[in-house]
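Note that the structure is a prediction, hence the values are computed from the model and not measured. In what follows, chains are A, B, ... by sequence order, proteins preceding strands, each numbered from 1.
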2 protein chains.
Amino acid sequence: MRIPILKLHDYLLISVQVELDDQTALRFQEDVLEKIHEEGSRGVVIDLTSVEMIDSFIAKVLGDVVDMSNLMGARVVLTGIQPAVAITLIDMGIVLDEVPTALDLEQGLERLQLELEG
Amino acid sequence: MRIPILKLHDYLLISVQVELDDQTALRFQEDVLEKIHEEGSRGVVIDLTSVEMIDSFIAKVLGDVVDMSNLMGARVVLTGIQPAVAITLIDMGIVLDEVPTALDLEQGLERLQLELEG
């Protein structure tokens, strides 16, 4: 099961619309990094609106995707984090440190443009 | 298996990155129409770059999605039709009549903007 990655100009748009199991999350991580390399993307928006639950492993993988993408030169914005996901993250003591977030895909794209110009 | 539908402003962006079986295609049809209704979308870009093969049933479902979306007031642009898919469509005598097409997602969005303003 692969999560589709859309390329739009300099950006990648990703809407996670399945529950992430460990394998899907790892494959997702790999796919995002490969796609950044392939397309020379400057930014990535990962929309989590449809993700209802998250565990510590998935949270770590997501955090890693952000750090790895940054290393490769692409800025990542996470959008649509649901209340339950936010609660779980904080309860678990997982802080997605300095990861820009936004309410939805549109605002994520705007945020990304600000980040890249700022 | 559901195909993710991304909402971006007035548009829906859909990148089909799985081979479409009959059930997935029908569910996709339903999901697109529901999402158009829900979001009040004016246009839809369906990107088929990753679809390598298509049969007459899937072709009909896709054609129906276009017609049904038009009825609901949303314009559809198909993008990224692969050579093999194009060959199959024409060989089968299936003409996606008056369906605007474009090379990729970016050009599809531009095309959609032109269609909606024109």
Legend entry - Candidate pair B/Phe57 and B/Leu20, rule side chain to side chain contact (heavy atoms under 4.5 Å, CB included), full reasoning: CA-CA 10 Å; B/Phe57 181 79; B/Leu20 287 164; over 6 Å; no
Can you pull out the donor-acceptor contacts between chain B and chain A, under 3.5 Å, including backbone atoms?
unit_1   : atom_1 : unit_2   : atom_2 : d
B/Ile5   : N      : A/Gln17  : OE1    : 3.2
B/Ile5   : O      : A/Gln17  : NE2    : 3.1
B/Lys7   : NZ     : A/Glu106 : OE2    : 2.8
B/His9   : N      : A/Glu106 : OE2    : 2.7
B/Gln17  : OE1    : A/Ile5   : N      : 3.3
B/Gln17  : NE2    : A/Ile5   : O      : 3.2
B/Glu106 : OE2    : A/Lys7   : NZ     : 2.7
B/Glu106 : OE2    : A/His9   : N      : 2.7

Inset, instruction - Could you go through the side chain to side chain contact (heavy atoms under 4.5 Å, CB included) check for B/Val61 and B/Phe28 one step at a time? - result: CA-CA 9 Å; B/Val61 172; B/Phe28 170 65; 5.6 Å; no
Inset, instruction - Give the minimum heavy-atom separation between A/Ile54 and A/Ala59, together with the two atoms involved. - result: CG1-N, 4.2 Å
Inset, instruction - Taking all non-hydrogen atoms of both residues into account, name the closest pair between B/Ala74 and B/Val44 and its distance. - result: CB-CG2, 4.4 Å
Inset, instruction - Give the member of A/Val18, A/Val16, A/Leu105 that has the highest number of heavy-atom pairs under 4.5 Å with chain B. - result: A/Leu105
Inset, instruction - Hey, could you give me the CG/CD1 distance between B/Leu48 and B/Ile81, rounded to the nearest 0.5 Å? - result: 5.5 Å
Legend entry - Check against side chain to side chain contact (heavy atoms under 4.5 Å, CB included), A/Leu109 and B/Leu8: CA-CA 9 Å; A/Leu109 271 173; B/Leu8 194 65; 3.4 Å; yes
Inset, instruction - Determine the minimum heavy-atom distance between A/Met72 and A/Ile36, stating which atoms define it. - result: CE-CG2, 4.1 Å
Legend entry - Contact winner vs chain A - B/Ile3, B/Ile5, B/Leu13, heavy-atom pairs under 4.5 Å: B/Ile5
